[in-house]
Amino acid sequence: MFPRLLALGSLNPQELVVLIVALGGLVPVVLYLQETSPWFVIAYGFLVVGAITTNVENLLWHDLFNFIEHAVGNMGAGIAFAIAAYKQRQKFKETAASDATVPEDGS
Amino acid sequence: MAATLIPLFDFIGMIGFLVAFGVGLHQYREAAFEQIFWLAFVFVAALGVLWLGLVTLEWLGIQSTLLDVFSTSLQAVVIGVFAIGSIGTLALVEDLKASHSKTKQERQKAEQARAHAEQRKRELKQTQDLLQKVEQMADVGGWELDCENETLRWTDGAQRIFEFTAETEPDRSELLACVHPDDKETLRVALEECTQEGTPYETELRIITAAGKERWIHTKGEPIQNSTPAPVRAVIQDITARKEREQRLMVLNRVLRHNLRNKVNVIISSAEQLERELAGVEYPEQQIHTEIQETMAAIARSADELDGDLTSVQQFLEEIEAFSTEQAQDNVEEILTTSTDLVSLSDRVRHFHQTCERGTEPIEIGPLLNQITAEYQQKHPHATLTVNGAGQEVRGNPDALRLALGELIENAIIHATASSPTVDIEVGEATEGRVPIRVKDNGPGMPEIERQVLSEGKETPLLHGSGLGLWTVNWVMRRGGGNVEISDNQPQGTVVTLFVPSAT
């Protein structure tokens, strides 16, 4: 069932770098999880999924993971990124508006 | 089927990045301090567009190893920059925004605090103005004594009552120095008990203002804290006018109760004696005429009756002889003298009140003294009046000064025991803004009781003066900002010194 599972030589070094970068990038994402908009985390999550699946597809179930890579990783990341941009824009606007009307006591 | 959708997925992803790029670019132009985030965001979005664009091209059949390597590298760059650049800067911007917002809030708080402080300052100024007006209107003031460093804090009203300048910052010892020597101990003890034992005090005492005027104040003090020594807060009220009114009322009461009653008693007594003397005699002339006519008629009627009628005539003549015309004249003179005294007393009271109405003005003391002495010299030619050193100019009420000097000269002459009384008037050099005018006589000296009531400022049924003169002098001098001192003349007599404010 897993004839290619142990064939690590089939892994693409470049794609492996992508995975390492993606996993390394989780550090700032986790660190700033509270301050970061959820849609950025989701978008990054999609990119991580893409990075994982692009490596996994070389080991097993190429078509499935390839599909997941492009459907979830690439498309999902693009859409989530667009939504994150929109949401972040809205958030900045709301913050700016609330800053302009600070209550009397300054709280 | 699934494989055919893959380029579509990549294309949609590229469009997503493209939309994000557009939004990011727009926001970058409008953003303030979050520009760094949008810059990183736009950069990531541009890389994303490029990456997925290349991936789409690969799936559309444009394949090469270089393209594959490039797109994979771009994927790594996009992920890396996204994680570090975009999310990192987002966190940074959030921190910056929070900090900015906090700073802004603090600034606004500071603005509000400043506005609040300004408002309080205005309210405080209004309260101070109101306090000042109230103090002026009510003649009151206040001070706080801090016993730790012996400093005093005065209100404007207190400064006005003590006649200190705004720059003066008197301490405890200077406060006590302003108190009249006779009342100094009272205040010292009251302050001591208040600071050490927390006992409030309330008393009336005299002060000598910085300008040298004597004033009566009513003061009430209490400790501010429960500490030892406790700081003291006191309110003071200028009651000089009230005290003067009380004195006048007291003296006039005495005049009505004592002097007037005595004089009226004299009149009544003289009148009663006259009445008794007159009661023994029925109107003699008319009666004698009648009796003589009747007697002459009786002679004509009957010689027998002659003897008895002559006896009757003799009785009337004896009664006439017993009636003392001189005694009756003495009584009438006594009535006239006493009545004249009463009228004079009344005139003096009226004159005093009229005199007090006039304000103060610069007066050349020389001509005024010459005028007064000439007037009294003419009135009492047997007296010797002299004036020395009258080159000063004073400020006062000329009528009041004339009244005061007149009273003193008149008293000196009236009460003199020598056949030729002398009154010397000396004008001294001005000291501390006051010109001394000394009225010296060679009389028997002023009774101690007169000096005592004037010094204590009050009379009692047992301790009172004999008239209005000395009180009048005291009142008119105080009203004009001066005061009176009495001492013995050498070898005999009295020196009454009037301290009149100098005109300069």
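A, B, ... follow the sequence lines: proteins, then strands. Residue 1 opens every chain.
The number of heavy-atom neighbours closer than 6.0 Å to CZ of A:F65, taken from other residues, nucleotides and ligands shown, is above 12. Around CZ of B:F70, the count of heavy atoms belonging to other residues, nucleotides or ligands within 6.0 Å does not exceed 12.
Of the charged side-chain nitrogens involved, none lies within less than 4.0 Å of a carboxylate oxygen, so that B:R160 and B:D156 do not count as a salt-bridged pair.
Between B:K220 and B:P200 the shortest side-chain heavy-atom distance does not fall below 4.5 Å. Residues B:E222 and B:V232 have side chains not in contact (no heavy-atom distance under 4.5 Å, counting atoms from C-beta outward). The shortest distance between side-chain heavy atoms of B:I236 and B:I161 falls below 4.5 Å. Annotation: side chain of A:W39 is not in contact with side chain of A:F81 (no heavy-atom distance under 4.5 Å).
Chain A forms the most heavy-atom pairs under 4.5 Å with one residue out of B:I12, B:V23, B:D10, and that residue is B:D10.
For chain B, no part of A:A80 is nearby; none of its heavy atoms comes within less than 4.5 Å. Only the side chain of B:V55 comes within contact range of chain A, with at least one heavy atom under 4.5 Å from a heavy atom of that chain.
Residues of residues 114-121 of chain B placed with any heavy atom under 4.5 Å of a heavy atom in chain A are absent; none qualify. Scanning residues 38-52 of chain B against chain A with a 4.5 Å non-hydrogen threshold yields B:W38, B:F41, B:V44, B:A45, B:W51, B:L52, sorted by number.
Side-chain contact, A:E69 with A:T54: a donor N or O sits under 3.5 Å from an acceptor N or O. Side-chain contact of B:T155 with B:E135: a donor-acceptor pair under 3.5 Å is present, judged by distance alone. A:N58 and A:H62 share no side-chain donor-acceptor pair at under 3.5 Å.
Under the 3.5 Å distance criterion, the side-chain polar atoms of B:D139 are left unmatched by any main-chain donor or acceptor of B:Q237.
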